[in-house]
A.B. asks: 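Handing you a structure now.
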Amino acid sequence: MKNKLFNIMVIMFIALYSIQAQSDVTFKTICKKQVSVGEQFQVSYELNGDGKDFRTPNFTNFEVIGGPFSSTSSSVQIINGSVTKTNTQTYSFHLRAIKEGNFTMPQASITVDKKRITSEPCEINVVASSNGNTYRSGNDNVNNSSQTTSSSKEIFMEAIPSKRKAYIGEQIMLTYRLFYNIPISQLSVSKAPSYSGFWTKDITDNNGTLQQSSVMKDGRQYNVATIQEIVLFPQKSGTLTIDPLDITCLAQIRQQRNRSQTYDPFEDFFGDVFGTTYTNVKKDIKSQPITIEVMPLPTANKPQSFKGAVGQFTFTSKIDKNELKVNEAFTLTLTVSGKGNIELLELPKPTFPPDFEVYDPKITSSIKDNALGISGSKKAEYIVIPRVSGDFTLNEIEFSYFNTSLERYETLKSEAQHIKVNKGDGNSSNNIVYTPGQADIKYLGNDIRHINDSNNNKLTITGVTFYMSTTYIIILCMMLAIFLIALVIFKRKVQFNKDQGLARNKQATKVAKKRLTNAYNFLKINNQNSFYEELSQALWGYISDKLNIVRSQLSMETVKEMMLSKNVSEDIVNEFIELLNNCEFARFAPGDPNKKMDDLYQKGIELITKSEKLLK
C-alpha cells in the first residue's frame with residue numbers, strides 16, 4: 001500500500017511539472033532609475049517563460065564589470081483544481097556609469113518557442129557623482145528576487161602623506177593603504193600618478209605579498225594592507241598636486257536571495273535553494289588627490305658652501321697617514337651621513353697644494369629606506385700623491401645643509417690636516433724640496449749645467465737639411481689634413497651635444513641594454529626588489545630618452561600619446577603600457593616569483609627590440 005501511494009505521488013509531481021501554463025511570455029528589463037557617475041549597479045533581464053540562445057546587449061554608454069550571471073526559478077500554483085506552472089529566467093549584469101545623461105538601457109534578445117523576442121526598454125538617468133574619491137558599490141537591484149549587499153565603506157583606499165607642508169628637497173613619506181572587510185583578489189594598478197614636480201623613490205617592501213593587519217576605523221573593523229610606500233622630494237616651490245592612484249581588484253560581493261511569494265514544492269522537496277550566494281565583481285578604487293605646499297629655501301644667511309643638501313646630516317674628514325715619503329700615496333676620505341636625499345647629495349671638494357697629484361674620487365653610497373624615509377651615508381675617497389717633500393697643511397673643509405627640523409642653515413667644518421712629506425731615496429725627483437712661503441724651488445746637486453755663451457764656436461750646416469724638403473712638405477700637408485678632419489669631427493660633435501634630445505635618442509638603447517643586463521644579474525640571484533627596480537628603470541629610461549620626455553613628466557598617458565604619434569602600432573603601445581604596470585606590481589601577484597621575473601625580462605627585451613625598429 002505504501003509503495004503504491006509513493007508511486008502515485010511521484011506521478012503527480014511529474015504531471016504537475018509537465019503542465020504548461022497558458023499565459024503570455026514577458027521579457028522585462030529591471031534597473032535603477034537613477035545612478036551617479038562612477039557608481040556600480042545591476043541590470044537584470046527577466047524572462048517569464050522558457051527561452052534559449054540569450055544574446056548579450058551592447059552596453060555602449062556603460063562599463064561592464066561582470067556578467068551575465070544567469071539564474072532560473074520555478075513556481076507552481078493550484079487554484080480551484082487548476083494547476084499553473086511558471087518558469088523565470090534571469091540574466092544579470094554588473095555595470096558602472098561612466099558619463100552623465102539620460103540613456104535607454106540596451107535591449108537583449110532571446111528565443112522562445114522558435115521565435116526571437118526582445119526585452120522591454122528601460123530608461124536610466126546618470127547624474128554627477130557626489131563622491132569623487134571612492135566609487136560606491138552600486139550593486140542595488142529593484143528585483144525582489146535577489147539583493148546584493150555591498151557599500152562604499154566595505155573597500156576603499158587612502159593616500160597618507162607624512163606632511164602636507166615642506167621645503168624644497170625635504171623628504172615626504174606617502175603611503176597608500178587599502179581598507180577592506182570583504183574578500184578581494186587579483187589586485188592590480190590601472191593608473192599610477194606621475195608625481196610631477198617631485199623626485200621619487202619607491203621603498204615598498206612586501207616580499208611579493210601584502211602585509212595585512214586589523215584596525216578599527218569609523219566604528220568598523222577593517223583589514224588594512226599597504227599597497228605602496230613612496231618617498232617624495234619636492235624639486236620646485238608652490239602648491240603641487242599628486243593625482244590619485246587607481247587600482248582594480250575582484251571583490252566577493254554577497255547576494256541574499258528572498259523566498260518567492262509563490263510556493264514551489266520542489267524547493268522544499270530538494271532542499272532550501274535560497275540563502276546567501278557570492279558574486280565576484282570587478283571594483284575600481286582610487287585614492288584621494290593630495291596637495292603639498294612646497295616652500296622655497298630661505299635666501300637669508302645662506303652660506304656659500306651650500307650645495308642644496310636638505311635634511312639632518314653629520315660630516316667627517318680624515319686621512320689614513322700624516323707622515324710619508326715623496327711619491328707615496330695617502331687617502332683623504334670625506335663622509336656625509338644622516339637623513340635626507342643621500343643619492344642627490346653633492347659632497348664638498350677639497351683643495352690640495354699644487355705639487356700634489358690627485359686622482360678622481362671614488363664615490364660610494366650606503367642607502368637605507370624604511371617607513372621613516374631614506375637615510376644613510378655618502379663617501380668620497382681621494383688618492384693623493386705628494387711629488388715634493390716638506391710640511392703641508394690641508395685646510396678645513398666646509399659642508400653646509402638646510403636643517404628642516406630647526407629651519408635654518410648649518411655649516412659643519414672638518415679639522416685642518418697636517419702632513420709631513422720626507423725625501424725619498426735614489427730618485428732625482430726626490431731632491432726637490434718644497435719650503436712653505438718660498439717663491440722658487442731649489443735644486444740640489446749638479447744636475448743643472450750653465451750654458452756656454454762664448455762666441456768661439458760657429459755653427460755650420462752640413463749634409464741635407466730636413467726643413468722645406470719633400471718629406472717635410474708631405475708631413476706638413478698630412479698634418480693640415482688631419483687638423484681639418486679633426487675640426488670637422490669636433491664641430492659635428494659640438495652640434496650633436498647641443499641637440500640633447502638627439503643624443504639621448506642615440507644612447508637610449510645602449511643605456512637600456514645596460515639596465516637589462518643588471519636586471520638579469522639580479523634575476524639569477526633571485527633578488528626580486530632590485531630586479532624590478534632595474535627593469536622598471538630600463539623601460540622608463542628607454543622611453544624617456546627615445547621620445548625625449550622629461551622624467552618628471554613621464555606618465556602612462558604621455559607615453560601612450562607620444563608612441564602613437566610616432567606611428568607605433570596600438571598593439572605594441574598597449575603591450576608596453578601593460579608591461580610597465582606588470583613590472584610595478586608583479587611582486588603583489590600570486591604565483592612563482594622566478595617565472596614572473598623571467599617572463600617580464602623576456603617581454604621587456606622583446607618590446608624594446610620592437611620599439612627600436614619603429615622609433616628610429
Side-chain angles (χ1 to χ4, degrees), residues 302-309 313-338 342-366 376-401 409-454 457 459 479 482-483 486 490 493 497:
K302 180 187 291 187
Q304 293 184 350
S305 57
F306 178 71
K307 301 296 182 182
F313 301 101
T314 59
F315 174 63
T316 59
S317 171
K318 66 177 182 179
I319 58 176
D320 59 345
K321 59 181 71 174
N322 294 93
E323 184 174 354
L324 66 161
K325 293 182 180 181
V326 171
N327 295 331
E328 288 184 357
F330 70 92
T331 303
L332 172 66
T333 304
L334 307 180
T335 305
V336 174
S337 304
I342 302 294
E343 295 182 62
L344 298 182
L345 195 66
E346 183 177 348
L347 294 171
K349 295 182 180 180
T351 57
F352 298 93
D355 293 301
F356 279 27
E357 183 176 352
V358 183
Y359 292 89
D360 291 336
K362 176 185 177 183
I363 307 296
T364 57
S365 300
S366 176
S377 62
K378 193 169 189 177
K379 181 169 61 176
E381 294 178 293
Y382 291 85
I383 303 297
V384 186
I385 302 177
R387 296 304 186 187
V388 295
S389 60
D391 293 326
F392 302 91
T393 299
L394 299 183
N395 296 328
E396 58 186 18
I397 305 171
E398 292 187 358
F399 171 74
S400 299
Y401 69 96
Y409 293 100
E410 293 193 352
T411 299
L412 306 176
K413 296 183 179 181
S414 66
E415 297 181 355
Q417 303 284 351
H418 300 284
I419 301 174
K420 183 178 181 180
V421 181
N422 300 318
K423 292 185 295 184
D425 299 325
N427 199 327
S428 60
S429 63
N430 297 338
N431 293 328
I432 303 173
V433 178
Y434 173 82
T435 305
Q438 189 173 2
D440 300 322
I441 296 177
K442 180 171 62 177
Y443 292 85
L444 303 181
N446 298 321
D447 56 335
I448 297 179
R449 300 292 184 179
H450 292 286
I451 297 175
N452 187 357
D453 56 357
S454 64
N457 298 325
L459 301 177
M479 292 177 62
I482 292 173
F483 172 75
F490 175 75
K493 185 175 181 180
N497 290 334

A.B. asks: Run the salt bridge (Lys or Arg N to Asp or Glu O under 4.0 Å) test against Glu328 and tell me which residues pass, sequence neighbours left out.
C.D. replies: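 Here no residue qualifies.
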A.B. asks: Holding to ring pair (Phe, Tyr, Trp, His ring centres under 6.0 Å), I want the full list of residues that pass it with Phe315, two or more places apart in sequence or in another chain.
C.D. replies: Phe399
A.B. asks: Using a 3.5 Å distance criterion without hydrogens, assess whether the side chain of Asp355 forms a donor-acceptor pair with backbone atoms of Arg387.
C.D. replies: no
A.B. asks: Are any non-hydrogen side-chain atoms of Pro353 and Leu394 less than 4.5 angstrom apart?
C.D. replies: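 With C-beta onward as the side chain, the pair touches.
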A.B. asks: Could you pull out all donor-acceptor pairs under 3.5 Å where a side-chain atom in residues 331-338 meets a protein atom, sequence neighbours excluded?
C.D. replies:
none

A.B. asks: Which residues pass the side-chain hydrogen bond (donor to acceptor under 3.5 Å, both in side chains) test with Glu323, sequence neighbours left out?
C.D. replies: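 Glu323: side-chain hydrogen bond (donor to acceptor under 3.5 Å, both in side chains) contacts with Asn422.
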A.B. asks: Using side-chain contact (heavy atoms from CB on, under 4.5 Å) as the criterion, list what pairs up with Lys302, not counting sequence neighbours.
C.D. replies: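 Lys302: side-chain contact (heavy atoms from CB on, under 4.5 Å) contacts with Phe306, Tyr409.
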A.B. asks: Do you know the tightest heavy-atom contact between Asp391 and Lys420?
C.D. replies: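 Distance-wise, the nearest heavy atoms are OD1-CG, 3.2 Å.
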A.B. asks: How far apart are the closest heavy atoms of Ile342 and Lys378, and which atoms are they?
C.D. replies: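 Nearest pair, atom of Ile342 first, then Lys378: O-CD, 3.5 Å.
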A.B. asks: For Tyr382 and Phe352, take the angle between the two ring planes, folded into 0 to 90°, and tell me which bin it lands in: parallel under 30, tilted 30 to 60, perpendicular over 60.
C.D. replies: tilted
A.B. asks: Mind checking what makes salt bridge (Lys or Arg N to Asp or Glu O under 4.0 Å) contact with Glu398, not counting sequence neighbours?
C.D. replies: Lys413
A.B. asks: Applying salt bridge (Lys or Arg N to Asp or Glu O under 4.0 Å), can you list everything that pairs with Glu381, at least two apart in sequence or on another chain?
C.D. replies: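 With sequence neighbours excluded, Glu381 shows a salt bridge (Lys or Arg N to Asp or Glu O under 4.0 Å) to no residue whatsoever.
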A.B. asks: With sequence neighbours excluded, what pairs up with Asp320 under the side-chain hydrogen bond (donor to acceptor under 3.5 Å, both in side chains) test?
C.D. replies: none
A.B. asks: Please report the closest heavy-atom contact between Glu396 and Ser414, naming both atoms and the distance.
C.D. replies: CB-O, 3.0 Å
A.B. asks: Got a second to check how far Lys379's NZ is from Lys362's NZ, nearest 0.5 Å?
C.D. replies: 8.0 Å
A.B. asks: Determine, stepwise, if the pair Leu412 / Tyr401 fulfils side-chain contact (heavy atoms from CB on, under 4.5 Å).
C.D. replies: CA-CA 9 Å; Leu412 306 176; Tyr401 69 96; 4.0 Å; yes
A.B. asks: Looking only at non-hydrogen atoms, find the nearest pair between Ala329 and Ile385 and report the distance.
C.D. replies: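 The answer is CB-CG1, 3.8 Å.
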A.B. asks: Not counting sequence neighbours, which residues clear side-chain hydrogen bond (donor to acceptor under 3.5 Å, both in side chains) with Thr411? List them please.
C.D. replies: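 Listed in chain order: Ser400.
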A.B. asks: Which pair of heavy atoms, one from Val388 and one from Val326, lies closest together, and at what distance?
C.D. replies: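 Result for this residue pair: C-CG2, 3.5 Å.
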A.B. asks: Under the side-chain contact (heavy atoms from CB on, under 4.5 Å) test, which residues partner Leu344, sequence neighbours left out?
C.D. replies: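 In terms of side-chain contact (heavy atoms from CB on, under 4.5 Å), with neighbours along the sequence ignored, Leu344 is linked to Trp199, Asn341.
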A.B. asks: Holding to side-chain contact (heavy atoms from CB on, under 4.5 Å), I want the full list of residues that pass it with Asp360, two or more places apart in sequence or in another chain.
C.D. replies: none
A.B. asks: Among residues at least two apart in sequence or on other chains, which ones pass salt bridge (Lys or Arg N to Asp or Glu O under 4.0 Å) with Lys321?
C.D. replies: none
